[in-house]
Amino acid sequence: MIQFNIQWSKALLSELDREIYAHFFAVVRGQKIVYIGNANGETLRTLLESTLASPDFHGGKTEIYLGRIREYGTRRIPAETIEGLHQLLVYARKPRLNRRGKLRYNGLANLRVTNSGCELLPYNVRAENRIVFLSMKNAAKMRYQPGIAG
């Protein structure tokens, strides 16, 4: 089982140019995640502005959370692993505006994600043989602790 820890933090739209090391972003509307994006290799401002330009975001309060993979060391994370993590997060929450990956998980097998910092995400999500398991605890109540997989 490949284990990843993702630390989520709330972003300020005015500070997006300084946010350069996020792997994922989540768009929150009210008390629901409405979109989860893969930010790997893209400019966050461009990704978010195109996402937020959707008619679904006019009026009302929208918040952005940025997700960063922690404790992976200096090795580069393969693009297919990032995509597998993205698919796992989308399948776990089924955001309204994501078009693919909500009905069936087609990502990597034997993958585990521990989230912290965003109460709308489950603390643990794991895929074993293409079956996805979610923890009942939410990620906001947990603090990121290096070396602890949860």
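When reading the values below, keep in mind they use all heavy atoms of this one structure, side chains included, and skip hydrogens, waters and symmetry mates.
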Met1 atom CE, neighbour heavy-atom count above 12 within 6.0 Å: yes

Flag if over 12 foreign heavy atoms under 6.0 Å of NZ, Lys32: no

Test salt bridge (Lys or Arg N to Asp or Glu O under 4.0 Å) applied to Glu128 - qualifying residues, sequence neighbours left out: Arg126

Can you name the nearest heavy-atom pair linking [X] to [Y], along with the distance?
| X | Y | answer |
| --- | --- | --- |
| Tyr65 | Gly117 | CE2-O, 3.7 Å |
| Asn110 | Asn129 | OD1-N, 4.0 Å |
| Leu66 | Ala22 | CB-CB, 4.0 Å |
| Ala39 | Phe25 | CB-CD2, 4.1 Å |
| Ser9 | Arg68 | OG-NH1, 3.2 Å |
| Thr62 | Arg29 | OG1-CD, 3.4 Å |

Side-chain heavy atoms of [X] within contact of [Y], under 4.5 Å:
| X | Y | answer |
| --- | --- | --- |
| Thr114 | Val125 | no |
| Arg93 | Leu120 | no |
| Val27 | Leu97 | no |
| Ile77 | His23 | yes |
| Asn115 | Leu89 | yes |

Same cluster (ILVMFWY, side-chain, under 4.5 Å), Phe4 and Phe133: no

With rounding to the nearest 0.5 Å, note down the distance linking [atom1] in [X] to [atom2] in [Y].
| X | Y | atom1 | atom2 | answer |
| --- | --- | --- | --- | --- |
| Leu108 | Glu83 | CG | CD | 9.0 Å |
| Leu121 | Ile33 | CG | CD1 | 4.0 Å |
| Tyr123 | Leu134 | OH | CG | 14.5 Å |

Whether Phe24 and His86 hold their rings parallel, tilted or perpendicular, with breakpoints at 30° and 60°: parallel

Between [X] (side chain) and [Y] (backbone), is there a donor-acceptor pair under 3.5 Å?
| X | Y | result |
| --- | --- | --- |
| Asn5 | Arg70 | no |
| Lys137 | Asn124 | no |
| Lys102 | Pro95 | yes |

